[in-house]
> 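Okay, here's the structure, questions in a sec.
Residue numbers start at 1 and run along the sequence shown.
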Amino acid sequence: MEVTPNHTQTVAGWAAMNESGKVEPFIFKRRENGVDDVTIKIQYCGMCHTDLHFIQNDWGITMYPLVPGHEITGVVTKVGTNVTTFKPGDRVGVGCISASCLDCDHCRRSEENYCDKVTLTYNGIFWDGTVTYGGYSDMMVANKRFVVKIPDSLPLDAAAPLLCAGITVYSPMKQHGMLQSPGGSLGVVGLGGLGHVAVKFGKAFGLRVTVISTSPAKEREARERLKADEFVVSTNQKQMQAMSRSLDYIIDTVSAKHSLGPILELLKVNGKLVLVAAPDQPVELPSFPLIFGRRTVSGSMTGGLKETQEMLDLCGEHNITCDIELVSKDRINEALARLARNDVRYRFVINIGVANSKL
């Protein structure tokens with residue numbers, strides 16, 4: 001790894017050193033706060049399924065040592081001379097992106113997530129040539145463009161996963177007109193970290209929400225706690241047939257290999273299915289359900305920074321947060337092992353820097 005001369009701040013964090021699936025304490029250097037930078041004392045960091053993929057090198061692109069974490073909330077401790085939108089003491093967040101070219105059509109439209117030169121908050125190469133390290137650490141320095149404000153009404157721990165899980169489902173909902181479709185119908189495949197937020201958004205925006213899951217045990221939770229209107233067990237053919245051609249939209253949040261055929265049959269003619277998860281093997285996509293229903297399958301990755309701030313502000317208005325389980329710093333590996341088994345309701349959040357948190 002290349003280290004530049006201004007990387008002088010010593011930081012304690014947790015890093016994966018190999019493909020074992022575990023992290024360990026790791027001391028590393030971060031850059032000094034530049035004129036356009038914001039220094040953040042990290043208080044909480046959500047644990048995303050993507051962290052697990054990178055830690056285990058499932059996609060074959062991991063650069064070790066890897067400091068994961070892209071659902072980061074904390075408090076500003078220092079700002080650069082060019083920074084006017086943030087001040088010390090502000091409650092802020094950093095999501096999946098830490099840099100982009102700032103000059104292409106996508107960046108000019110604040111769609112930094114689709115920039116050809118997008119840099120991820122961890123396992124990316126920053127402007128200065130260094131590898132980016134994420135939020136499993138006690139502080140970070142971020143460019144002002146890639147920092148968002150957390151509304152005062154939202155707790156920093158339960159708001160952290162909104163910076164990935166939240167924006168990942170909000171962005172396609174906005175792009176496909178779901179926010180302006182009260183009375184429309186939304187199916188959510190998978191009731192995990194992303195899925196439970198999609199249900200909350202759908203209900204907040206006046207959609208009729210159906211949860212599609214392989215687990216009958218999740219029905220009560222979906223209906224009673226998350227207020228889903230319908231629940232369908234995807235392996236139950238009778239239930240699936242009864243819901244045929246009933247949905248306007250489907251958001252698929254499942255990060256394991258599965259067939260899209262039966263799910264597509266739930267869509268009306270002209271219905272839209274959006275993939276937001278990243279299975280490590282291709283999903284099955286039969287052509288008949290597409291052809292006979294003129295249906296569309298698309299994908300969506302996180303969101304731009306303007307959209308992320310808009311999503312957080314809406315969450316502040318509607319009091320939407322993630323359902324979380326707090327993890328102390330000495331139990332990160334235990335949580336990673338549980339995450340691999342999908343044993344979490346619905347997002348682990350590491351308590352990085354709050355001494356009196358209710359653990």
Side-chain angles (χ1 to χ4, degrees), residues 9 11-16 21-28 30 38-55 62 65-77 90-98 119-124 131-143 146-150 154-168 192-194 197 302 308 312 315 321-340 344-359:
Q9 302 197 76
V11 182
W14 295 266
K22 291 186 165 60
V23 295
E24 59 187 67
F26 179 59
I27 303 295
F28 60 100
R30 290 208 189 272
V38 176
T39 297
I40 302 162
K41 179 186 186 297
I42 297 174
Q43 297 194 341
Y44 298 100
C45 185
M47 299 177 73
C48 175
H49 218 278
T50 300
D51 299 349
L52 203 55
H53 284 308
F54 270 113
I55 288 168
T62 302
L66 174 92
V67 178
H70 58 206
E71 300 179 343
I72 302 157
T73 55
V75 176
V76 175
T77 57
D90 281 353
R91 306 162 82 247
V92 296
V94 173
C96 305
I97 305 168
S98 66
T119 297
L120 299 179
T121 297
Y122 66 86
N123 204 68
V131 173
T132 55
Y133 290 135
Y136 290 25
S137 57
D138 55 20
M139 65 80 81
M140 77 183 304
V141 181
N143 179 276
F146 301 92
V147 181
V148 288
K149 285 189 174 168
I150 306 293
L154 299 179
L156 286 178
D157 53 0
L162 292 172
L163 292 155
C164 170
I167 185 58
T168 297
L194 277 73
V197 185
T302 184
T308 303
L312 285 167
C315 287
T321 54
C322 297
D323 294 3
I324 65 165
E325 191 175 327
L326 272 177
V327 177
S328 57
K329 292 182 282 195
D330 58 349
R331 304 189 83 156
I332 297 174
N333 284 319
E334 191 181 308
L336 284 169
R338 284 182 54 196
L339 184 59
V344 55
R345 294 282 185 280
Y346 283 97
R347 201 63 146 193
F348 287 121
V349 173
I350 308 165
N351 176 23
I352 302 273
V354 181
N356 298 321
S357 202
K358 300 184 285 292
L359 288 177

> What pair of heavy atoms forms the shortest contact from V349 to P161, and how long is it?
CG2-CG, 3.7 Å

> Counting C-beta onward and ignoring hydrogens, is there a side-chain heavy-atom pair between I42 and D138 closer than 4.5 Å?
no

> Rounded to the nearest 0.5 Å, what separates atom CG in L336 from atom CD1 in I55?
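Answer rounded to 0.5 Å: 4.5 Å.
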
> Is there a side chain to side chain contact (heavy atoms under 4.5 Å, CB included) between S98 and T121? Walk through the geometry before answering.
CA-CA 5 Å; S98 66; T121 297; 4.1 Å; yes

> Report yes if the side chains of H70 and T50 come closer than 4.5 Å at any heavy-atom pair, otherwise no.
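With C-beta onward as the side chain, the pair touches.
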
> Are the side chain of T62 and the backbone of F54 linked by a donor-acceptor contact shorter than 3.5 Å?
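Yes, the answer is positive, given that a donor and an acceptor are paired below the 3.5 Å cut-off.
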
> How many angstroms lie between atom CG of L120 and atom CD1 of I97, to the nearest 0.5 angstrom?
7.5 Å

> Mind checking what makes salt bridge (Lys or Arg N to Asp or Glu O under 4.0 Å) contact with D90, not counting sequence neighbours?
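So D90 forms a salt bridge (Lys or Arg N to Asp or Glu O under 4.0 Å) with K87.
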
> Test side chain to side chain contact (heavy atoms under 4.5 Å, CB included) on C164 and R347 and set out the steps.
CA-CA 11 Å; C164 170; R347 201 63 146 193; 4.2 Å; yes

> If you look at every heavy atom in C45 and G69, which pair is closest and at what distance?
SG-CA, 3.6 Å

> Please indicate whether R91 has more than 12 foreign heavy atoms, meaning atoms of other residues, nucleotides or ligands, lying under 6.0 Å from its CZ.
yes

> List in chain and number order the residues that pass ring pair (Phe, Tyr, Trp, His ring centres under 6.0 Å) with F146, two or more places apart in sequence or in another chain; answer none if no residue qualifies.
none

> Side chain to side chain contact (heavy atoms under 4.5 Å, CB included) for Y136 and Y122? Distances and angles first, verdict last.
CA-CA 10 Å; Y136 290 25; Y122 66 86; over 6 Å; no

> Not counting sequence neighbours, which residues clear ring pair (Phe, Tyr, Trp, His ring centres under 6.0 Å) with F348? List them please.
none

> Nearest 0.5 Å, please: how far is CD1 in I352 from OG in S137?
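That separation rounds to 6.5 Å.
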
> What is the distance from atom CD1 of I167 to atom CG of L312, rounded to the nearest 0.5 Å?
8.0 Å

> To the nearest 0.5 angstrom, please state how far the CG atom of L163 sits from the OG1 atom of T308.
7.5 Å

> Ignoring hydrogens, what is the shortest heavy-atom contact between G353 and K41? Give both atom names and the distance.
O-NZ, 3.0 Å

> Return the minimal non-hydrogen interatomic distance between P68 and V23, and the atom names on each side.
CG-CG1, 4.5 Å

> List the atom of G74, the atom of L156, and the distance in Å for their closest heavy-atom pair.
O-CD1, 4.3 Å

> M47 and I350: side chain to side chain contact (heavy atoms under 4.5 Å, CB included), yes or no, with the steps?
CA-CA 7 Å; M47 299 177 73; I350 308 165; 3.8 Å; yes

> With heavy-atom distances below 4.5 Å as the criterion, would you say the side chains of L339 and D51 are in contact?
no

> Once you round to the nearest 0.5 Å, how far does CZ of R30 lie from OG1 of T132?
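If we round to the nearest 0.5 Å, R30:CZ and T132:OG1 are 9.0 Å apart.
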
> Which pair of non-hydrogen atoms, one from L154 and one from A159, has the smallest distance, and what is that distance?
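Here L154 and A159 meet closest at CB-CB, 4.1 Å.
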
> Heavy atoms, side chains only, cut-off 4.5 Å: are Y44 and L326 in contact?
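Answer yes - side chains close enough.
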
> Kindly indicate whether the side chain of R345, heavy atoms from C-beta on, has any atom under 4.5 Å from the side chain of E325.
no

